[in-house]
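Every heavy atom of this structure was used, including side-chain atoms; hydrogens, water molecules and symmetry mates were not. This structure is a prediction, so every number in the text was calculated from the model and none was measured.
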Amino acid sequence: MMTRAYDNFYLPGLMKNLGFAFDFAVNGCALKADSFYDFFIASKVAGEIERRSPRFICGCSGTELALSVFDRVGFEVKLPQDILFERYDRTAEYWAGWILAFYQWETNISFSKIRDYIPFSQIVNMYNPLHEAPKEKFVDIMNKLIKEKNSKKSTNLQNLRKAAGLTQKELSQLAGVNLRTLQQYEIGSKDINKASGQAINSLAQVLHCNFYDVMELDLGEE
């Protein structure tokens with residue numbers, strides 16, 4: 001069973017605060033949604049939420065969360081006069097931040113990894129019609145989108161081999177891994193996570209990387 005970062009008691013508050021943070025950044029400070037998401041990750045506020053930081057899970061408002069992000073990345077912003085007030089109308093950006101918090105908690109996929117798959121602006125564009133749908137509907141759609149992206153994505157092994165400047169045949173010979181098996185690992189028709197430890201270790205040594213870099217690990221996996 002999946003171990004979530006924090007108890008669901010705190011989830012509604014964080015969903016609201018992350019919604020307000022994105023709304024404030026985009027509609028209050030005229031920042032692009034994807035830019036604020038990049039700041040959110042670069043500031044390590046996203047990571048601290050994933051690691052149960054009381055300050056960001058339940059110890060600040062959405063506006064304060066956004067200001068912490070700005071402060072940590074050194075971004076100077078002209079603050080609106082009504083900075084202390086949070087809007088009561090729910091914008092598309094508010095909904096996107098709100099549902100993003102739920103999705104990250106529900107799946108345990110990191111905010112950074114979610115961004116690698118789906119730009120935040122794409123989540124904003126899902127506002128119509130999903131803002132009136134159950135949260136679980138959004139989860140299902142996101143999971144399908146990520147699965148589609150994964151199916152088109154080159155494998156870690158393929159990327160590492162190309163970065164090392166090796167052909168499949170050269171890597172096969174150097175690592176002592178059957179060429180046909182290596183090819184199957186690269187296209188994903190054979191699960192490299194089920195390869196022997198010796199084979200993965202040999203590949204990692206030849207490619208000068210970590211054992212786990214060769215594997216296809218899903219951070220959201222139960």
Side-chain angles (χ1 to χ4, degrees), residues 1-29 31-121 123-124 126-127 131 134-136 138-139 142-143 146 212 217-222:
M1 183 171 180
M2 184 186 301
T3 300
R4 294 190 171 92
Y6 48 91
D7 192 272
N8 62 2
F9 173 82
Y10 300 104
L11 181 59
L14 178 63
M15 291 171 64
K16 181 186 72 173
N17 287 342
L18 200 56
F20 278 130
F22 274 96
D23 179 53
F24 173 74
V26 176
N27 299 304
C29 303
L31 196 66
K32 290 184 178 180
D34 287 328
S35 296
F36 182 67
Y37 198 178
D38 289 343
F39 287 168
F40 176 55
I41 292 169
S43 68
K44 299 185 179 179
V45 169
E48 289 189 31
I49 290 172
E50 294 162 8
R51 293 189 293 273
R52 307 179 179 90
S53 167
R55 176 184 177 187
F56 295 115
I57 290 175
C58 59
C60 66
S61 68
T63 300
E64 290 168 337
L65 191 155
L67 291 176
S68 293
V69 168
F70 291 147
D71 182 62
R72 289 187 177 197
V73 298
F75 180 75
E76 294 186 7
V77 62
K78 184 177 180 180
L79 300 176
Q81 292 182 346
D82 58 349
I83 181 176
L84 297 179
F85 299 94
E86 293 180 332
R87 301 155 59 101
Y88 286 95
D89 56 320
R90 299 295 184 253
T91 63
E93 290 77 20
Y94 172 91
W95 173 83
W98 179 85
I99 199 66
L100 173 67
F102 177 80
Y103 183 76
Q104 194 283 321
W105 180 86
E106 177 70 16
T107 63
N108 211 27
I109 302 174
S110 71
F111 287 108
S112 178
K113 196 170 183 68
I114 293 170
R115 179 193 59 177
D116 291 343
Y117 287 119
I118 311 293
F120 186 76
S121 54
I123 298 176
V124 174
M126 295 181 193
Y127 176 76
H131 72 286
K135 297 187 293 294
E136 292 72 19
F138 175 83
V139 172
M142 282 287 284
N143 287 344
I146 289 175
Y212 295 103
L217 300 178
D218 183 354
L219 297 182
E221 201 173 58
E222 292 190 20

Between W95 and F138 (judged by ring centroids, cut-off 6.0 Å), do the two rings come close enough to count as a pair?
yes

Please list, chain by chain and in numerical order, all residues satisfying ring pair (Phe, Tyr, Trp, His ring centres under 6.0 Å) with F111, sequence neighbours excluded.
F40

Worked check of side chain to side chain contact (heavy atoms under 4.5 Å, CB included) between F22 and T91
CA-CA 10 Å; F22 274 96; T91 63; over 6 Å; no

How many angstroms lie between atom OG of S68 and atom CZ of F56, to the nearest 0.5 angstrom?
4.5 Å

Would a line drawn from the ring center of F70 to the ring center of F36 be shorter than 6.0 Å?
yes

Smallest separation among heavy atoms of A33 and V26, with atom names:
CA-CG2, 3.7 Å

Take atom OH in Y6; do more than 12 heavy atoms of anything else shown fall under 6.0 Å from it?
yes

Least distance between heavy atoms, A66 atom then A21 atom:
CB-O, 3.9 Å

Rounded to the nearest 0.5 Å, what separates atom CG in N108 from atom NZ in K113?
12.5 Å

Rounded distance (nearest 0.5 Å) linking atom SG of C58 with atom CG of L14
9.5 Å

Counting only heavy atoms not in E76, do more than 12 sit closer than 6.0 Å to its CD atom?
no

Summary of salt bridge (Lys or Arg N to Asp or Glu O under 4.0 Å) pairs that have at least one residue in residues 37-48, sequence neighbours excluded
D38-R115, E48-R72

Supply the atom-to-atom distance K135 NZ to W105 CH2, rounded to the nearest 0.5 angstrom.
9.5 Å

